[in-house]
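Quick one: this structure, given as structure tokens, is what I'll be asking you about.
All residue numbers refer to positions in the sequence shown, counting from 1.
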Amino acid sequence: MKTKRILAIVAMVALVVCIGACKKVRYCHCVATEGDPDTIVINVDRSMKCDHIKEYGYQRLINGQWEMTVNKVKCVELDDDTVATIPTWTGED
């Protein structure tokens, strides 16, 4: 009887760990802190933290020339099941 109880507990713990490990990606909502008031949602790997993203660069075609733009950003993680708090920049950091 005691062995069945231990096996049931071990199985429950393994199930909880497996369910938590299934989420492989996360979404980061980033707002530019200087320059144009750009906002973007980035799909990143689970190992990366959203608050570690400090700059975001992209290229645009302007008059036949590619122009690289790099913005300083502030990012927060978007939760799948709740409304995320959108970061705003107040001019302080």
Side-chain angles (χ1 to χ4, degrees):
M1 189 67 160
K2 190 173 183 181
T3 305
K4 287 183 182 182
R5 176 180 268 168
I6 291 173
L7 288 175
I9 291 173
V10 169
M12 288 176 58
V13 169
L15 179 66
V16 168
V17 168
C18 288
I19 289 173
C22 287
K23 187 176 177 185
K24 301 247 186 255
V25 296
R26 70 175 73 198
Y27 296 94
C28 301
H29 182 265
C30 301
V31 175
T33 57
E34 54 185 43
D36 294 335
D38 289 338
T39 183
I40 191 166
V41 175
I42 303 171
N43 181 354
V44 297
D45 187 56
R46 190 69 190 155
S47 63
M48 187 172 200
K49 295 189 183 285
C50 293
D51 52 345
H52 289 169
I53 300 172
K54 303 295 181 193
E55 291 183 337
Y56 179 74
Y58 57 92
Q59 290 183 339
R60 289 190 279 195
L61 186 61
I62 299 176
N63 297 329
Q65 297 290 323
W66 286 103
E67 181 181 299
M68 180 69 173
T69 304
V70 177
N71 287 336
K72 293 188 184 297
V73 294
K74 183 175 182 179
C75 300
V76 294
E77 182 176 353
L78 291 176
D79 294 328
D80 293 336
D81 56 350
T82 62
V83 176
T85 303
I86 308 258
T88 56
W89 183 60
T90 60
E92 305 166 358
D93 209 12

May I ask you to test the Ile9-Arg5 pair for a side-chain heavy-atom distance under 4.5 Å? yes

Across all chains, not counting sequence neighbours, the side chain to side chain contact (heavy atoms under 4.5 Å, CB included) partners of Asn63 are none

Would you please name every residue forming a salt bridge (charged side-chain N to carboxylate O under 4.0 Å, His left out) with Lys72, sequence neighbours left out? Glu55

Is any side-chain heavy atom of Glu67 less than 4.5 Å from a side-chain heavy atom of Thr69? yes

Counting N and O atoms only, with roles assigned by atom type, does the side chain of Thr39 sit under 3.5 Å from a partner on the main chain of Cys30, one being a donor and the other an acceptor? yes

Are we looking at SG atoms under 2.5 Å apart for Cys75 and Cys50?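 Disulfide absent: SG-SG distance not under 2.5 Å.
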
Walk me through whether Tyr56 and Ile40 qualify under side-chain contact (heavy atoms from CB on, under 4.5 Å). CA-CA 9 Å; Tyr56 179 74; Ile40 191 166; 3.2 Å; yes

Examine distances only and state if a side-chain atom of Arg26 and a backbone atom of Met48 form a donor-acceptor pair shorter than 3.5 Å.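 Such a contact is found between Arg26 side chain and Met48 backbone.
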
CD1 on Ile42 to CD on Glu77, rounded to 0.5 Å: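 Output value for this atom pair is 12.5 Å.
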
Side chains of Lys74 and Val31: closer than 4.5 Å at any heavy-atom pair? no

Atom pair OH (Tyr27) and CG (Asn43), whose distance is rounded to the nearest 0.5 Å: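 One gets 4.5 Å once the value is rounded to the nearest 0.5 Å.
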
For residues Asp38 and Tyr58, is any side-chain donor paired with an opposing acceptor at under 3.5 Å?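 Yes.
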
What pair of heavy atoms forms the shortest contact from Val41 to His29, and how long is it?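 Between these two residues, the closest heavy atoms are CG2-CD2, 3.7 Å.
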
Decide side-chain contact (heavy atoms from CB on, under 4.5 Å) for Ile53 and Val73; before the verdict, give the C-alpha distance in whole Å, the side-chain angles of both, and the deciding distance to 0.1 Å. CA-CA 7 Å; Ile53 300 172; Val73 294; 4.0 Å; yes

Taking CD in Gln59 as the centre, count heavy atoms belonging to other residues, nucleotides or ligands within less than 6.0 Å. Is the count above 12?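 Enclosed.
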
For Asp51, what residues pass the side chain to side chain donor-acceptor pair (under 3.5 Å) criterion, not counting sequence neighbours? none

